[in-house]
There are 2 protein chains.
Amino acid sequence: MSGVPELLLLQQLNAEEMYGYELVKRIRGVTGETITLGEGVIYPVLHGLEQSGALKARRKKVAGRTRVYYSVTAKGRKRLGILQHEWQRIQSGINAALGAASRA
Amino acid sequence: MSGVPELLLLQQLNAEEMYGYELVKRIRGVTGETITLGEGVIYPVLHGLEQSGALKARRKKVAGRTRVYYSVTAKGRKRLGILQHEWQRIQSGINAALGAASRA
DNA sequence: TCAACATACCTCGCGCTGCGAGGTATGTCA
DNA sequence: TGACATACCTCGCAGCGCGAGGTATGTTGA
């Protein structure tokens, strides 16, 4: 199926180190409100990716509050590449079907 | 989430009346093996769409064997439009995110 | 002639993923 | 001091996808 949330997270974190709460807003912004991933999605995915070694966490105190910043590891970049490719495949597959049918 | 199978089915049937078994192969072909919807996906979706009035079924005997041909109703065409639009939205949303991040 | 394969239909039930809702703690501002 | 924002987290349900299995008929070839 999808793996879309995972793709989006890795992509954002690859561009810039970020923490969970920020990612929620960031993704909403960058997709133009189209895709809204709540915290119930973000945090589990984040933890999963850290577990599998695709992300590295770093606790940081900012203005008395603790944030957990995540950055992409080499393994994560590899994973990102796979997911991007996968997304291309799916996208072009579906678009081919849509195009083919309307041409028929 | 997706609704991708539904979209693909409606799209194909909108172009041409077809039966379930045929759709399985057709979709595999038209998406270039990228997307393979098994019978366990096709038939339930087909029945659901018929139930909701988006499709109309027509039994037909061909070479002794019975086939159930489905065609799209007005309601189905409307539904198809919605799903297509939805797919555009998702697609451009994700691509925006991918583009924005790589530009960063 | 009969096994094996293709056509054509169908359903059950598992598995995974997404996600809303709820819960904690701290800082800030009226 | 209460309300709101920031920041983290988890539980558990819901829904969808889909593999596996089941029926029945026609065809083909050893």
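Values below: every heavy atom of this structure, side chains too, minus hydrogens, waters and symmetry copies. Just so we're on the same page: letters track the sequence lines, and every chain starts at 1.
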Handout entry: Contact nearer the 5' end of DNA chain C, comparing A/G64 with A/P5
Key =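 Its nearest nucleotide lies further toward 5', so the answer is A/P5.
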Completion exercise
Looking only at heavy atoms, the pair that brings A/V30 and B/A97 closest together is CG1-CB, 3.6 Å
Does a side-chain heavy-atom distance below 4.5 Å link [X] with [Y]?
| X | Y | value |
| --- | --- | --- |
| B/R28 | B/E33 | yes |
| A/L98 | B/L7 | yes |
| A/Y19 | A/R58 | no |

Handout entry: Side-chain N or O of A/Y19 closer than 4.0 Å to phosphate OP1/OP2 of D/dA7
Key = yes
[N] [atom2] sits how many Å from [X] [atom1], rounded?
| X | N | atom1 | atom2 | result |
| --- | --- | --- | --- | --- |
| B/I35 | D/dC16 | CD1 | P | 18 Å |
| A/E39 | C/dG23 | CD | C1' | 12 Å |
| A/L9 | C/dC19 | CG | P | 12 Å |
| A/L46 | C/dG18 | CG | P | 14 Å |
| B/K25 | C/dC9 | NZ | C1' | 13 Å |
| B/E22 | C/dA6 | CD | P | 18 Å |
| A/L49 | C/dG18 | CG | P | 11 Å |
| B/L7 | D/dG17 | CG | P | 11 Å |

Practice task
For A/V45, answer base if it contacts any base atom (sugar-phosphate contacts may also be present), sugar-phosphate if it contacts only those atoms, and nothing otherwise; contact means non-hydrogen atoms under 4.0 Å.
Solution key: nothing
Practice task
Indicate, with a heavy-atom threshold strictly under 4.0 Å, whether B/G38 touches base, sugar-phosphate, or nothing.
Solution key: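 B/G38: no heavy atom of the nucleic acid under 4.0 Å.
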Nearest-neighbour nucleotide for the [X] side chain, [options] considered:
| X | options | result |
| --- | --- | --- |
| A/R67 | C/dT11, D/dC8, C/dG18 | D/dC8 |
| A/R65 | C/dA8, C/dT26, D/dC8 | C/dT26 |
| A/Y43 | C/dG18, C/dC19, D/dT10 | D/dT10 |
| B/Y21 | D/dG17, D/dC9, C/dA8 | C/dA8 |
| A/H47 | D/dC9, C/dC10, D/dG26 | D/dC9 |

Problem - Earlier contact from the 5' end, DNA chain D, for B/T36 and B/A63 - result: B/T36
Problem - Nearest-0.5 Å distance, CD1 of residue A/I42 to CG of residue A/L23 - result: 5.5 Å
